[in-house]
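For the single chain, residues carry numbers from 1 onward in sequence order.
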Amino acid sequence: LTVQATWEEVSAVATIKDFVIEYPTGVELRRDNVLVAFDASVDVNDYDYLERKGIRYDFLSINEKGIGDISRYECVVRRSV
């Protein structure tokens, strides 16, 4: 399944002083993490991982966002080892 998503590497999103910062859901955010946002039409809860350019990424957190109804999912993913 191919879907559109907003893809932002953590280093482009935040300044990280000590390599690790806390994400509101309690996940440790590292430089090799990626923040990904999906439209609400894609139920990311149905998937265990995503793949981009042949690289597999595991979901660390999935947050439902929106005022009232869910309008998007904001996720933190990390490259699989």
Side-chain angles (χ1 to χ4, degrees):
L1 176 65
T2 301
V3 298
Q4 289 185 332
T6 302
W7 186 270
E8 291 185 74
E9 294 182 13
V10 169
S11 60
V13 176
T15 302
I16 303 175
K17 294 180 181 177
D18 298 321
F19 188 72
V20 176
I21 61 173
E22 290 295 316
Y23 193 66
T25 58
V27 173
E28 287 185 347
L29 203 56
R30 303 184 330 198
R31 287 186 193 267
D32 62 342
N33 293 157
V34 179
L35 305 177
V36 186
F38 297 92
D39 184 81
S41 63
V42 179
D43 188 354
V44 295
N45 293 301
D46 292 341
Y47 302 95
D48 296 323
Y49 67 93
L50 62 89
E51 190 171 306
R52 181 174 189 248
K53 297 182 180 180
I55 300 171
R56 180 180 163 153
Y57 295 84
D58 294 323
F59 288 97
L60 298 179
S61 74
I62 299 171
N63 297 302
E64 299 172 342
K65 297 291 185 175
I67 298 173
D69 294 332
I70 299 169
S71 63
R72 69 188 180 285
Y73 292 97
E74 292 182 355
C75 308
V76 176
V77 298
R78 184 174 294 161
R79 187 177 185 159
S80 296
V81 180

Nearest 0.5 Å please: distance from the CG atom of Leu35 over to the SG atom of Cys75.
-> 9.5 Å

Less than 4.5 Å apart, any side-chain heavy atom of Val77 and any of Asp58?
-> no

Shortest non-hydrogen contact from Asn33 to Arg78?
-> ND2-NE, 2.6 Å

Of all the heavy-atom pairs spanning Ala5 and Val36, show the shortest one and how long it is.
-> CB-CG1, 3.8 Å

Residues in side-chain contact (heavy atoms from CB on, under 4.5 Å) with Ser71, at least two apart?
-> none

Residue pairs fulfilling ring-ring contact (aromatic ring centres under 6.0 Å, His included) with at least one residue in residues 57-81, sequence neighbours excluded | Trp7-Tyr57

Side-chain donor/acceptor pairs under 3.5 Å, residues 42-55, sequence neighbours excluded:
unit_1	atom_1	unit_2	atom_2	d
Asp43	OD1	Asn45	N	3.1
Asp43	OD1	Asn45	ND2	3.1

Arg56 atom CZ, over 12 foreign heavy atoms within 6.0 Å | yes

Under the side-chain hydrogen bond (donor to acceptor under 3.5 Å, both in side chains) test, residues paired with Ser41 that sit two or more places apart | Asp39

